[in-house]
Amino acid sequence: MSTTERSATTEQKLLDSALEVFVAQGYHAAAMDDIAERAGVSKPVLYQHFPGKLDLYLALLDASCDAVIDRCRQALASTHDNKTRVAAAMAAFFSYVAADGGAFRLVFESDLTNEPAVREHVERVTSECAAMIADVIHDDTQLPPEASRLLAVSLVGMAQVSARFWMSESSGITQEQAVELVSGLAWRGIRGYPRIDDQ
């Protein structure tokens with residue numbers, strides 16, 4: 001294994017360990033000592049990769065935000081049928097929230113949103129996902145860009161809040177049922193804006 005590969009492996013181990021600590025304890029209570037110990041490295045090694053706790057948190061947050069945005073992009077690209085697209089986009093958020101590790105807590109439940117760099121990362125999820133959805137709405141309906149974006153932000157908000165609520169409540173509703181319920185509600189609303197090729 002080359003030095004570069006060893007460094008990348010160590011960095012990934014540090015990120016995995018940091019995720020566990022941040023999810024369990026929150027940013028403020030998490031200690032770099034705990035993260036180094038969990039990763040099985042010395043503190044100097046940890047600081048070689050990440051100069052401070054905020055740098056480590058932002059690296060994790062970046063990866064987590066990218067994961068949500070990628071899931072949304074794949075969902076929208078998976079079909080040209082808009083009813084199926086709505087369901088796929090909702091499923092992307094629910095599957096992200098349900099994934100092992102609790103990374104969604106960094107994105108949607110951070111205790112550090114008063115830090116501008118963190119807030120910027122978190123808002124990127126809403127803005128980038130909404131921008132992709134707004135493009136689809138605009139292309140299909142010819143609604144003005146501002147209106148398309150407002151509808152898109154509403155759909156993203158619905159997906160985020162309902163997925164987090166479902167995860168925290170554990171009320172006996174399966175993930176599949178939850179996606180079906182929420183995407184059904186979203187579709188009943190969004191289909192009211194006719195496709196331009198239906199007019």
Side-chain angles (χ1 to χ4, degrees), residues 15-16 18-27 29-30 57 60-113 118-119 121-137 140-141 143 147-195:
L15 287 169
D16 293 342
L19 176 61
E20 292 173 19
V21 173
F22 284 134
V23 167
Q25 300 176 19
Y27 177 83
Y57 191 82
L60 267 177
L61 194 54
D62 217 26
S64 298
C65 291
D66 286 345
V68 186
I69 292 163
D70 287 345
R71 284 175 191 241
C72 188
R73 183 179 293 111
Q74 289 166 19
L76 293 174
S78 67
T79 178
H80 289 291
D81 176 75
N82 282 337
K83 183 177 182 183
T84 308
R85 261 188 186 144
V86 168
M90 291 296 166
F93 281 92
F94 275 81
S95 64
Y96 175 73
V97 165
D100 289 339
F104 80 94
R105 295 191 190 286
L106 299 182
V107 181
F108 300 139
E109 298 174 6
S110 175
D111 60 348
L112 198 61
T113 51
V118 172
R119 192 167 54 251
H121 277 67
V122 171
E123 288 171 355
R124 182 167 70 87
V125 171
T126 299
S127 63
E128 291 195 24
C129 289
M132 290 185 277
I133 294 169
D135 285 345
V136 173
I137 292 171
D140 278 357
T141 65
L143 282 169
S148 298
R149 184 157 176 76
L150 179 59
L151 290 173
V153 168
S154 301
L155 288 171
V156 170
M158 180 188 291
Q160 286 180 15
V161 173
S162 58
R164 286 168 47 215
F165 177 81
W166 166 78
M167 187 70 180
S168 66
E169 287 294 301
S170 301
S171 56
I173 298 175
T174 66
Q175 184 176 333
E176 189 176 69
Q177 290 169 329
V179 168
E180 190 177 332
L181 282 167
V182 177
S183 61
L185 174 64
W187 176 244
R188 283 183 190 93
I190 203 69
R191 76 177 178 193
Y193 299 93
R195 293 172 63 104

Measuring from atom [atom1] of [X] to atom [atom2] of [Y], what distance do you get when rounded to the nearest 0.5 angstrom?
| X | Y | atom1 | atom2 | result |
| --- | --- | --- | --- | --- |
| Phe165 | Ile173 | CZ | CD1 | 8.0 Å |
| Ser154 | Ile133 | OG | CD1 | 10.5 Å |
| Thr174 | Glu180 | OG1 | CD | 8.5 Å |
| Leu155 | Ile190 | CG | CD1 | 5.0 Å |

Applying side-chain hydrogen bond (donor to acceptor under 3.5 Å, both in side chains), can you list everything that pairs with [X], at least two apart in sequence or on another chain?
| X | result |
| --- | --- |
| Glu20 | Arg38 |
| Gln175 | none |
| Ser162 | none |

Tell me, please, which residues at least two apart from [X] pass salt bridge (charged side-chain N to carboxylate O under 4.0 Å, His left out).
| X | answer |
| --- | --- |
| Arg124 | Asp62, Asp66, Glu128 |
| Asp135 | none |
| Arg119 | none |
| Arg105 | Glu109 |

Please give me the minimum heavy-atom distance between [X] and [Y], naming the atom from each residue.
| X | Y | answer |
| --- | --- | --- |
| Leu151 | Leu143 | CD1-CD1, 3.7 Å |
| Val23 | Ala103 | CG2-N, 4.5 Å |
| Ala152 | Ala130 | CB-O, 3.2 Å |
| Val156 | Thr126 | CG1-CA, 4.2 Å |

(message) Between Trp187 and Ala87 (side chain of the first, backbone of the second, donor and acceptor by atom type, cut-off under 3.5 Å), is there such a pair?
(response)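 Looks like no, no N/O pair under 3.5 Å.
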(message) Using a 3.5 Å distance criterion without hydrogens, assess whether the side chain of Arg164 forms a donor-acceptor pair with backbone atoms of Gln160.
(response)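 Not a single qualifying donor-acceptor pair exists.
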Student check: side-chain heavy atoms of [X] and [Y] closer than 4.5 Å:
| X | Y | answer |
| --- | --- | --- |
| Phe94 | Val182 | yes |
| Arg73 | Met132 | yes |
| Val179 | Ser95 | no |

(request) Using the side chain to side chain contact (heavy atoms under 4.5 Å, CB included) rule, take Val97 and Phe108 through it: C-alpha gap first, then chi angles, then the decisive distance, then the call. (result) CA-CA 9 Å; Val97 165; Phe108 300 139; 4.3 Å; yes
Excluding sequence neighbours, so at least two apart, what forms side-chain contact (heavy atoms from CB on, under 4.5 Å) with [X]?
| X | answer |
| --- | --- |
| Val107 | Leu61, Ser64, Cys65, Tyr96, Val125 |
| Ala159 | Met90, Phe93 |
| Ala92 | Arg71, Ala75 |
| Thr79 | Asp81, Thr84, Arg85 |

(message) I'd like to check the ring pair (Phe, Tyr, Trp, His ring centres under 6.0 Å) partners of Phe104; sequence neighbours left out, ordered by chain and number.
(response)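 Counting only residues at least two positions away or on another chain, Phe104 forms no ring pair (Phe, Tyr, Trp, His ring centres under 6.0 Å).
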(request) Measure the acute angle between the ring planes of Tyr57 and Phe22, then classify it against the limits of 30° and 60° as parallel, tilted or perpendicular. (result)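 Ring orientation, 0 to 90° scale: perpendicular.
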